[in-house]
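These numbers come from a predicted model, not from an experiment. By convention in this document, chain letters (A, B, ...) are assigned in the order of the sequence lines, proteins followed by strands, and residues within each chain are numbered from 1. The figures here come from the full heavy-atom set of this structure, side chains too, leaving out hydrogens, waters and symmetry mates.
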Amino acid sequence: MTDLMTTMSLLLAATTIGAALMAIWGKRSLPIAILAAGLVSLLASVQFLLLAAPDVAMTEAAIGSGLTTFLFFFVLGRVRGGSND
Amino acid sequence: MVDWLIHLAALFAGVAFLLALTRFIKGPSAADRVVAFDVLTIISITGIVLAALTEGRGIYLDVALVYALLSFLGVIVVARYLEGGF
Amino acid sequence: MTMLLDIIGGLLLVAGTAFLLFGGLGLVRMPDVFNRIQAGTKATTLGTLLTLAGATCLQPAWGVKLLLIGLFLLFTNPLSSQVLARAAHRSGAGKSEKTSIDRLEEDQRKKP
Amino acid sequence: MIKRLVVLLLLAGIGAIFMSLLLGYTPDNELNLTARYYAEHTAQDIGAANIVTAIIVTYRGLDTLGEVTVLFLTAAIVGLVLAQGRQQNSQRSQRKLPESGELLQTGSLLLTPLILLLGVYVFVNGHLTPGGGFQGGAILASAILLMLLTDPMRHFSHRLISVLESISGLIFITIGVLGIIYAGGFLDNRILPTGSLGQLFSAGVIPIIYSFIGLKVGAEFSSMLVNLSETEGS
């Protein structure tokens, strides 16, 4: 691992923790919390890649880029739409 | 010489990453954050290409391929949610 | 010959990431959502394409895969930015005070 | 106040444990016994360039069968739970949705085959590149997701999805049983010749097994997505 990779890895690790904190606090706004969780997924995927595990990174990319976000937002939309129940 | 240029490119990409991150944290509305998220994904693709160049391993590019083709799905999901599309 | 190609590739890498930097700067400095979408997608698309071209110069054996990445980016980026801009317009995102022309709203008012 | 103090103390304790683990970490200089066995024997025994794939499909093939079963159970339970809220066709057209727009429809026509093609590339090349059945299946399901986003009222054939899923699972098991008969044991990949390292048609039956795992996973994820989108908003 070269110096460049170590620096990138440290930056990603710090940002991942920040995004996770943002997903938890998020000023009580659920869409922003879901977006922050998506950011955690993206950063974790690049981090896996830098730590020489490209297959795990690819799994995270395939699942996290579309499907998880859709699941969360779909359920959020349904819950919001059915509030008169 | 080339190593030095790659390091400079990585520095630029890192600064761009931090700037987009600022907009992601600060952005007043959800749409601002989605734009910042899109830019962060594109910068990550560049980062993956740079990592593949420094490590010299071409198989890392498959992950960039997946991100290049699938990253727009997340943006479209949020956009359809914002306009009430599902 | 390879030395020259390496230096061209490195310069293209730096130019591409500089465009990424400008895109990020525009993302921070622009006043409203629509301008940010402009800055965030156009500049970064050009920047990534330049970076991929530089990587092709450095490692010609990866050319096909890098070309595919660039092609996919060219297909998907305009799509996502257009859908996002329309969603922001429909959900009533605030416009900057300097915005004077809004063709989409005029169109929608013309044919209800 | 007491509750918050307890949480803070718990966090500090966990932080101290992880800190001591981090400070005491020394990277291994050489592979341990199991890893060395896999690294030395994979290329000549299995013929797969990607050692992870060889472990997943052949050395630990039974675990993969278990994982696929877990995913199948998840899809079945999602279908079972959501079956009550299924929308009737007459009701479905009542909800007014904003139209998806010309650009999204045209782009979806262009991009859906491309995403399907990428998924097929990922799971067919599972023994050469860091891909595999599960990743490829998720990418296939992403194509279905794009179609659903373009037209939420689109109807997908449940029968086709379930038939595809069952046939893929059946072929997976059949290849495993053929391994008992013609080679060393269940899911042994040496039914077909291992070929030369790094070629597409190499590594025995690993590409075939991974292709069917990919189809199965893609069908399961797609059935979950279709079931979700067909439930009515209560």
Next on the checklist: Show, in sequence, the C-alpha distance, side-chain angles and deciding distance for C:Leu25 and B:Val15, and conclude whether the side chain to side chain contact (heavy atoms under 4.5 Å, CB included) test is met.
Outcome noted: CA-CA 9 Å; C:Leu25 203 62; B:Val15 176; over 6 Å; no

No hydrogens needed, just list the donor-acceptor pairs between chain B and chain C under 3.5 Å.
{"from": "B:Arg23", "atom 1": "NE", "to": "C:Leu27", "atom 2": "O", "distance (Å)": "2.9"}
{"from": "B:Arg23", "atom 1": "NH2", "to": "C:Val28", "atom 2": "O", "distance (Å)": "2.7"}
{"from": "B:Asp32", "atom 1": "OD1", "to": "C:Arg36", "atom 2": "NH1", "distance (Å)": "2.3"}
{"from": "B:Asp32", "atom 1": "OD2", "to": "C:Arg36", "atom 2": "NH1", "distance (Å)": "3.3"}
{"from": "B:Asp62", "atom 1": "OD1", "to": "C:Lys65", "atom 2": "NZ", "distance (Å)": "2.8"}
{"from": "B:Ala68", "atom 1": "O", "to": "C:Thr76", "atom 2": "OG1", "distance (Å)": "3.4"}
{"from": "B:Glu83", "atom 1": "OE1", "to": "C:Arg90", "atom 2": "NH1", "distance (Å)": "3.1"}
{"from": "B:Glu83", "atom 1": "OE2", "to": "C:Arg86", "atom 2": "NH2", "distance (Å)": "3.1"}

Checklist entry - Checking B:Val49 against chain C: side chain, backbone, both or neither under 4.5 Å from a heavy atom? => result side chain

Checklist entry - At a heavy-atom separation under 4.5 Å, does C:Leu52 approach chain B through its side chain, its backbone, both, or neither? => result side chain

Item to check | Enclosure of C:Phe19 CZ (heavy-atom neighbours >12, cutoff 6.0 Å) | outcome: no

Next on the checklist: Counting C-beta onward and ignoring hydrogens, is there a side-chain heavy-atom pair between B:Val35 and C:Leu84 closer than 4.5 Å?
Outcome noted: yes

Item to check | Pick from B:Leu40, B:Val75, B:Ile42 with the largest number of heavy-atom pairs that fall under 4.5 Å of chain C | outcome: B:Ile42

Checklist entry - Is C:Leu11 close to B:Leu5 at the side-chain level, that is, under 4.5 Å between some pair of heavy atoms? => result yes

Checklist entry - Is chain B contacted by the side chain of C:Leu79, its backbone, both, or neither, given a heavy-atom distance below 4.5 Å? => result side chain

Checklist entry - With a 4.5 angstrom heavy-atom cut-off, which part of C:Leu58 approaches chain B: side chain, backbone, both or neither? => result side chain

Next on the checklist: Tell me the closest heavy-atom pair linking C:Ala87 and B:Leu82, and the distance in Å.
Outcome noted: CB-CB, 4.4 Å

Checklist entry - If every non-hydrogen atom of C:Leu20 is compared with every non-hydrogen atom of B:Ala16, which pair is closest and at what distance? => result O-CB, 3.5 Å

Item to check | Engaged part of B:Ala30 at the chain C interface, taking heavy atoms whose separation is under 4.5 Å | outcome: neither

Next on the checklist: Nearest 0.5 angstrom please: C:Phe72 CZ to B:Ile45 CD1, how far?
Outcome noted: 11.5 Å

Item to check | Leading residue by heavy atom contact count with chain B [cutoff under 4.5 Å; candidates C:Val14, C:Leu73, C:Leu71] | outcome: C:Val14

